[in-house]
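Order of the sequence lines fixes the chain letters, A, B, ..., with proteins taken first and strands second; residue numbering starts at 1 for each chain. Everything numeric here is computed off the predicted structure, so don't read it as measured data.
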Protein chains: 4
Amino acid sequence: MSQSQSGNQPHTQFVLTLSCPDRPGIVAGVTAFLLEQGQTIMDAQQFNDAETSHFFMRVLFGPATAEVPLGKLSDGFAAVAKRYDLTWQLRDRSEKRSVMLLVSKFDHCLADILYRWRIGELRMKPTAIVANHPREVFDGMDFGDVPFHYMPVTRDTKAQQEAHILKLIEDTGTELVVLARYMQILSDWMSRQLVGRCINIHHSFLPGFKGAKPYHQAHERGVKLIGATAHYVTADLDEGPIIDQDVERISHRDAADDLVRKGRDIERRVLARALRYHLEDRVILNGRKTVVFTD
Amino acid sequence: MSQSQSGNQPHTQFVLTLSCPDRPGIVAGVTAFLLEQGQTIMDAQQFNDAETSHFFMRVLFGPATAEVPLGKLSDGFAAVAKRYDLTWQLRDRSEKRSVMLLVSKFDHCLADILYRWRIGELRMKPTAIVANHPREVFDGMDFGDVPFHYMPVTRDTKAQQEAHILKLIEDTGTELVVLARYMQILSDWMSRQLVGRCINIHHSFLPGFKGAKPYHQAHERGVKLIGATAHYVTADLDEGPIIDQDVERISHRDAADDLVRKGRDIERRVLARALRYHLEDRVILNGRKTVVFTD
Amino acid sequence: MSQSQSGNQPHTQFVLTLSCPDRPGIVAGVTAFLLEQGQTIMDAQQFNDAETSHFFMRVLFGPATAEVPLGKLSDGFAAVAKRYDLTWQLRDRSEKRSVMLLVSKFDHCLADILYRWRIGELRMKPTAIVANHPREVFDGMDFGDVPFHYMPVTRDTKAQQEAHILKLIEDTGTELVVLARYMQILSDWMSRQLVGRCINIHHSFLPGFKGAKPYHQAHERGVKLIGATAHYVTADLDEGPIIDQDVERISHRDAADDLVRKGRDIERRVLARALRYHLEDRVILNGRKTVVFTD
Amino acid sequence: MSQSQSGNQPHTQFVLTLSCPDRPGIVAGVTAFLLEQGQTIMDAQQFNDAETSHFFMRVLFGPATAEVPLGKLSDGFAAVAKRYDLTWQLRDRSEKRSVMLLVSKFDHCLADILYRWRIGELRMKPTAIVANHPREVFDGMDFGDVPFHYMPVTRDTKAQQEAHILKLIEDTGTELVVLARYMQILSDWMSRQLVGRCINIHHSFLPGFKGAKPYHQAHERGVKLIGATAHYVTADLDEGPIIDQDVERISHRDAADDLVRKGRDIERRVLARALRYHLEDRVILNGRKTVVFTD
């Protein structure tokens, strides 16, 4: 739903997301609470995973009449959450998440994300751009006020460099890390630090062509479509929960370089979509899979 | 959600669909009722149209423990419906709708629908196949037990023929009429009789190329994609509420005949999808538009 | 290009396909020959694989004025072919290839191919339908004049059954075998017999989810798109040269059974497309890949 | 084919495009000439429009051994062209076309084109960015060395402003004008000056939703897919020859503003593709349609 339907709608909007073991009465309990608090529902989606007997919900709501502060709503909701054993999160929709962008040499995803952020499409606060290549590699790109950090890395300095990155994440209050074609494999240790808060774009339609040089693998195999996959990072390389994927048709005329070119378009739109879903609280983890309440 | 997730789920499943002017408390009211009746929610989707201030909802539910008959649920729900001014429908999911198929010469949509029905993908009861061409035109097609009616039509006999069709609709208890490439334009009178219960497939991406010979129009214009549109029939030709659309890429190499060929694939999958959405109570009318709660 | 553009075009049409080590003058040599023979080109596509230095070409042509018989053209062309070291094939476009269809229990691809054949979309002669399940499994399907052969198979009888199939292929003059969801893995021996003349449809987007139960694998992994792959059969399971692939979007709401349902649509359109490409001489092998001159 | 397959290929590459009334011997004549000149073909595509009896061809070639200058080839080819009554063009593939970009307030297409140009994906020389809004509207965009011209326009000054633009086109040697969401309708006079060398992006799937505010029209109509169309500008608004189109799925949840957002992605990729096709000499006009030899 549009960010800008302010006409008929309350000024404040809250997003509630939750998951829990399934049992009768959850929706009734949650919505009765919202009604009591004078809130009206603008959008809601539920999903009941019959296989795992888990329930997932996202509700967008706001005050029907008088404003109620977030703190008061959260305090009140804690009792409902306890009753149904909910894992939950309640946020003011207008609050922007802090996002750090990691990049290597190819900057098409970075440029795309920064553009979407500038025009207000991606509602976030970039805390830093971190690259293992120096600033001059990104010549011609205007980073505005976003601090740039050059953090080169070699096999020997990897542990140190990751510690630096993690410190920067903490110092800047970064809530989400985006690997925007960051071509370094995070260590297991680092991956574990960032569980559920680090999105990577892999340049293949996973699970096909894991690992290095996927477009060359795809060219070698002679597939007729290539793709890209945005997923949460886990210690298991290219195996994290998938948020979004897309593909495009190719032909025998396309050399590996053409796949790289065509792939850039897929990568940037898949990553931007996954990032938007995350920022709008549309993604909930479901084991090694995701529930994505799309618009 | 799968038709066959019977493992963890109650045997009886009900589908409730509703729309109403928006106001606080609708979801709370509906779900509280379901909880009282010992029902548990398997799937639910809501939509709040900020422009028209109308609310739409589809709930799939079933007994948490003891079975409750449909009649009892319906009677009880009437009070909820009155309170919120609901337009609503409550159905046993296992009950199959009666569907009549109208066709002219091209039978690819008919063959496709019958196949999907045979293997259980489309849950319906075909009441009749009505064609303005004789049975031998459909040589090589096995209609099984579905009665075939040859109802030729000319400009002079149109009123009569439509009256015959309408009588057959009534006699067979047909709930939905599908124009599966029926190449006759229904009269205003007939269209009005069938409002909300007649789906047509138009062989273009509406609103482009209304009227006759859309593939030839598309070829003439030099478009790079062709499409098909499934919509509810209204008195206003090719202007009814759209249920589903799809397109496919074409090239300068495609003559008008190639568009006809490529279009058959689009038509049959769009019509089958729209039909399935209707049969599963996923489509709710919203003025001249539709709300489609897809899976 | 349309099959039916007979208006401005010669009645007889020939399709020439060829591949060879690349060198200057091939196109000039081939087209000079056609001009000498009084032929005019209706459609032509070339491809030069820079990696392997191999050249591929497909030409559709016909007599500009007087008809020339296929035999005379073939004899004449042999000299050109020798000069450029061509692997080639020259066919009358109106001649239909003999095709045998192998199937197991799921008959959606079979039904689809037979329908497309009946309406003239797939120009072929079905020689036989071979199934490892009895005729009654396909109840409600009209096979017309196409002979049906029930050839059950167990681990112990596999060698024998394959020998029977191969004999039937020879006896019927079958030029192409289509595994239309034939759920038996061909032996290495059988695969080698059928190199380049056996197309399989695998129900995943290869190279993802090889082997058994790919939709269940896809559901387990949590991918956001599912696909199907048509490829030539080789002794290396699911590794043969890919002819066509396609995908469709799914969501967390889709259980494995829903993937099976949605997948049927992908499978049948991918297989039909690959089959049409083969029948129209649009596919040329290029090592373990294919060159596909699409329309 | 890749721009960078320099390994096995001659350094100089030429692109020849031609169209003419169809007659036997054209391909033979053209390719015999290339062979005589010591050229080898890397890629070639032909199309014979049976309806208009017109022939179209694109050939990418280069010296098999010794380099031959463009001028000598052109002079030699003139005789072939005369013999077959060809409309033709022969260019050194490495020469970049001069392109002027016109824009209004929305700069997503402009930003996208400039990015693709910077990384070498679009091989062109931007001559100027012309906007009817002042430079500060594009704050945060780095135009590098490309001159920016603010040319405001009102109903009264339109003739004057267009004359200025045309003078700039001439002064800068601009070969192609791109209306990258330039929201002014060119006058008939201006359109005629730019026939065949001005590409516009219209934010709908033409011929649906011509004219102003197409996303609002689409939202109003309730379509299930939205699209964008890149076409050559003609005096007839939104009726020029289409180069490329694409669409994306939307739902009832999408307000008009969401269509605008989703549309930006479609617009920029369709315009970039059309622009690339033009720059690589892949587009040939065929009356009010185009022949596009895609890769």
Out of curiosity, [X] [atom1] to [Y] [atom2], how far, rounded to the nearest 0.5 Å?
X	Y	atom1	atom2	value
B:Gln46	A:Leu60	CD	CG	12.0 Å
A:Ile26	B:Thr40	CD1	OG1	7.5 Å
A:Asp43	B:Gln45	CG	CD	10.0 Å

Which residue out of B:Ala32, B:Ala44, B:Gly29, B:Gly25 racks up the most heavy-atom pairs below 4.5 Å with chain A?
B:Ala44
Indicate the atoms forming the closest heavy-atom contact of B:Val27 with A:Thr31, along with that distance.
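Looks like CG1-CG2, 3.5 Å.
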For B:Ala28 against A:Leu35, the heavy-atom pair lying closest together:
CB-CD2, 4.1 Å
